[in-house]
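Before any comments, here is the structure.
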Amino acid sequence: MSKGLTSRADDYSQWYNELVTKADLAEHSAVRGCMVIKPYGYSIWEKMQAALDKMFKDTGHSNAYFPLFIPKSFFSKEASHVEGFAKECAVVTHYRLKNDGNNNIVVDEDAKLEEELIVRPTSETIIWNTYRGWIESYRDLPLLINQWANVVRWEMRTRLFLRTAEFLWQEGHTAHATSQEAVEEAERMLEVYADFAQNWMAVPVVKGIKTPNERFAGALETYCIEAMMQDGKALQAGTSHFLGQNFAKAFDVKFTNKEGKLDHVWATSWGVSTRLMGALIMAHSDDAGLVLPPKLAPIQVVIVPIYKNAEEFKQIGDIADALIAELKAKGISVKYDDRDTQRPGFKFAEYELKGVPVRLAIGGRDLQNGTAEVARRDTKEKMSVSREGLADRLENLLDEIQQNIYNKALQYRDEHITAVDSYEDFKRVLDEKAGFVSAHWDGTAETEQRIKEETKATIRCIPLNNPKEDGACIVTGKPSAQRVLFARAY
RNA sequence: CGGGGUGUAGCGUAGCCCGGUAUCGCGCCACAUUUGGGAUGUGGAGGUCGUAGGUUCGAAUCCUGCCACCCCGACCA
């Protein structure tokens, strides 16, 4: 491990790249645009999965698994859907390789697939094609399914976690008897995502709906949660879609309602991906490394012994063992780093880089005084604490850290929502301050497009429960009934 | 996919213009001394110079293709 990290102020994007690799979260693979998620990074993802999965189950959903491959013909059944994804699909055309005689392995042209297969960029089509066979009556509804899977979107420009050609995610796909029920489902899952972001990731989010321009390909309404990173750029952290009857019609999924009439079902889909890892990293971390919220930290407490001889080492080990037992009983994950190959200072730096929320150092002085040194990652504060009741204090401290990093992120976010009333101010705020810019917009795609081309800012969302306020569009001066949130985004 | 840049030991690099088998730092291994914020000394190991061709007596160096990464655009979660 090399010393130091590029500072956020010097080069934010280099800071991010170095942090991801140096903290052992992920690295580039031999395959273009695809990353290897390393054990430490994956264990954070697993904690996210576990929390989300429980939330999905608690809201009545079940997991299932659908194929990686989608027949090309399925894909073209929903017009706007295919248009949205066509440009980034990986396609399987053959099913066999052969030796060309010169010891080169080549594609066997005789093994051409009759129908080409698309590697799923999302699974609506294969799932709705399947649902046709599962749904006959209103009694089969609602159908509430989630799948954890990998998907492929052939991106030209990739960044670890934020945008990779292959990524991991979950996609929920539900079917309902009425439009209203489907809308409620989409809104419910948006709440689940917001709850997860705020209470687990400690990342405050704005809940909103997307403009037609930014909507998911094939959706009637796209709900989203938008987070803000420390460089003032927005990051879409999760989406939930009301799909209307588009996919039901495309795949002919009908049910008999209570009145005995045949109708197409109403659909939703919703997803979050390993992109959340990027959000987590960029929302809290500092120039010394990762800062992880305790609820998602693979290691919540690390204990570093400081000793001068075998006798001290033994005594510290005994204290650590007792403490570990107490902490584990409270469900706190703890690691005792008794490596003799690294000095304490090195370990301190290493665990800071990896974002371990609480570090405990126990040395000779602590043996004398019955204390331990507690250092918290979020504020870098160190304090000498009596070992009496230490486990309880650490339990509280973890909660406090979780709350503190949320508050910090919330404060930053709130300080970076700026209301402007002229296009001039709009551009100035984007360039000088960044963050969300709250402004009036005439509601047209043309104006939205023009702003995007001229400033690189997009409408992140129209916040839910947005206060109505009469005003004039900052570009065209046309009347507007509410402000919307703009930002440059990841 | 367009423009620009980079690729030399695990990591960061010098050498490339002007061709002669590779420099330095960190890390790694061994031993010793160390241990309350990234230890020190001594000794040692580690290289198809991204990759495939070409030019040449000889290529890290010159030429061509390909691959990957970084930055900027278009696209996107």
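Residue numbers start from 1 in every chain, and the chains themselves are labelled A, B, ... in the order their sequence lines are given, proteins ahead of strands. Because only heavy atoms are used, hydrogens play no part in the values below, and waters and symmetry mates are left out as well, while side chains stay in.
For A:Glu352 against B:rG37, a side-chain-to-base donor-acceptor contact under 3.5 Å is present. Contact annotation: side chain of A:Lys382 to base of B:rG37, donor-acceptor pair present below 3.5 Å. Evaluation of atom-type donor-acceptor distances gives a pair under 3.5 Å for the side chain of A:Arg359 against the base of B:rG37.
Within 4.0 Å (heavy atoms only), A:Gln236 reaches sugar-phosphate atoms of the nucleic acid but no base atom. Note on A:Thr222: nothing from the nucleic acid sits closer than 4.0 angstrom, heavy atoms only. If you check every strand for non-hydrogen atoms under 4.0 Å, A:Ser273 touches a base. Residue contacts shown for A:Leu235 are absent, as no nucleic acid heavy atom lies under 4.0 Å away. A:Gly84 comes within 4.0 angstrom of no nucleic acid atom, judged by non-hydrogen atoms across all strands. Within 4.0 Å of A:Tyr490, counting heavy atoms only, lies no atom of the nucleic acid at all. Using a 4.0 Å heavy-atom criterion, one finds that A:Gly278 contacts no nucleic acid atom at all.
Phosphate proximity of B:rC1 to A:Arg157: absent, as no side-chain N or O sits under 4.0 Å from OP1 or OP2. Side-chain N/O atoms of A:Arg365 include none lying less than 4.0 angstrom from OP1 or OP2 on B:rG36. Between A:Arg159 and B:rC76 there is no side-chain N or O to OP1 or OP2 distance below 4.0 Å. Taking side-chain N and O atoms only, A:Lys456 has a distance below 4.0 Å to OP1 or OP2 of B:rG73.
Mapping A:Arg215 and A:Lys380 onto RNA chain B by nearest heavy atom places A:Lys380 closer to the 5' end of the strand. Position along RNA chain B of the nearest nucleotide to A:Glu214 versus A:Cys34 favours A:Cys34 as the more 5'-ward residue.
Of the nucleotides present, none pairs with B:rA14 by Watson-Crick or G-U wobble criteria with both distances under 3.5 Å. Of the nucleotides present, none pairs with B:rU56 by Watson-Crick or G-U wobble criteria with both distances under 3.5 Å. Base pairing of B:rU40 is made with B:rA32, judged by Watson-Crick or G-U wobble geometry with both donor-acceptor distances under 3.5 Å. Across all strands shown, B:rU61 remains unpaired; no Watson-Crick or G-U wobble contact has both distances below 3.5 Å. In this structure, B:rA9 makes no Watson-Crick or G-U wobble pair, since no nucleotide meets both defining distances under 3.5 angstrom. Partner assigned to B:rU21 is none, using Watson-Crick or G-U wobble distances below 3.5 angstrom. Base pairing of B:rC1: its partner is B:rG73, meeting the Watson-Crick or G-U wobble criterion (both donor-acceptor distances under 3.5 Å). Figure legend. B:rC66 is base-paired to B:rG50; pairs are counted as Watson-Crick or G-U wobble with both atom distances under 3.5 Å.
A parallel orientation is assigned to the rings of A:Phe251 and A:Phe247, their planes being inclined by less than 30° (bins at 30° and 60°). Ring pair A:Tyr193/A:Trp270 is perpendicular by interplanar angle, where above 60° counts as perpendicular and below 30° as parallel. Between A:Tyr12 and A:Trp15, the ring planes are tilted. Angles from 30° to 60° get that label.
Rounded to a whole angstrom, the distance from the P atom of B:rG7 to that of B:rA74 is 28 Å. The P atoms of B:rU56 and B:rU13 are separated by 35 Å, rounded to the nearest whole Å. Annotation: B:rA39 and B:rU48 have their P atoms spaced 31 Å apart (nearest Å). For the C1' atoms, the distance linking B:rA22 with B:rG54 amounts to 24 Å, nearest Å. Only the C1' atoms considered, B:rU61 is 6 Å distant from B:rG19, to the nearest whole Å. Comparing B:rC26 with B:rG41, their P atoms are spaced 9 Å from each other, to the whole Å. On the P atoms, B:rG10 is 12 Å away from B:rU51, given to the nearest whole Å. One C1' atom belongs to B:rA9, the other to B:rA14, and the distance between them is 14 Å to the nearest Å.
Comment: A:Arg450 engages A:Glu454 in a salt bridge, judged by a side-chain N to carboxylate O separation of less than 4.0 angstrom. Ion pairing between A:Asp431 and A:Arg488 holds under the 4.0 Å rule for side-chain N and carboxylate O. Salt bridge absent: A:Glu221 and A:Lys210 never bring a charged side-chain N and a carboxylate O closer than 4.0 Å. Residues A:Glu185 and A:Arg188 are paired through a salt bridge, judged by an N-O separation under 4.0 Å between the basic side chain and the carboxylate. Comment: A:Arg359 engages A:Glu352 in a salt bridge, judged by a side-chain N to carboxylate O separation of less than 4.0 angstrom. Classification of A:Glu187 and A:Lys207 as a salt-bridged pair fails, no side-chain N sitting under 4.0 Å from a carboxylate O. Residues A:Lys354 and A:Asp24 are paired through a salt bridge, judged by an N-O separation under 4.0 Å between the basic side chain and the carboxylate.
For the pair A:Lys22 NZ and B:rG12 P, the interatomic distance rounds to 9 Å; values are reported in whole Å. In this structure, the NZ atom of A:Lys87 is 16 Å from the C1' atom of B:rA77, given to the nearest Å. Atom CZ in A:Phe85 sits roughly 12 Å away from atom C1' in B:rC75 (whole-Å rounding). One can place CD1 of A:Ile316 at 12 Å from P of B:rG36, the figure rounded to the nearest angstrom. Following rounding to the nearest Å, A:Met35 (CE) and B:rC69 (P) show an atom-to-atom distance of 13 Å. Atom-to-atom, CD of A:Gln342 to C1' of B:rU34 comes out at 14 Å; the value is rounded to the nearest Å. For A:Glu312 and B:rG36, the CD to P distance is 11 Å, given to the nearest whole Å. What separates CG of A:Asp24 from C1' of B:rC11 is a distance of 13 Å, to the nearest Å.
When A:Leu323, A:Val301, A:Val302, A:Ile303 are each tested for a side-chain contact (heavy atoms from CB on, under 4.5 Å) with A:Tyr336, only one passes: A:Ile303.
For B:rU21, the base adopts the syn conformation, since its glycosidic angle falls within 90 degrees of zero.
Against RNA chain B, the stretch residues 9-20 of chain A makes heavy-atom approaches under 4.0 Å through A:Ser13, A:Asn17.
The side chain of A:Glu155 has B:rC75 as its nearest neighbour among B:rC75, B:rG37, B:rG36. Which of B:rG36, B:rC76, B:rG37 sits closest to the side chain of A:Glu373 comes down to B:rG36.
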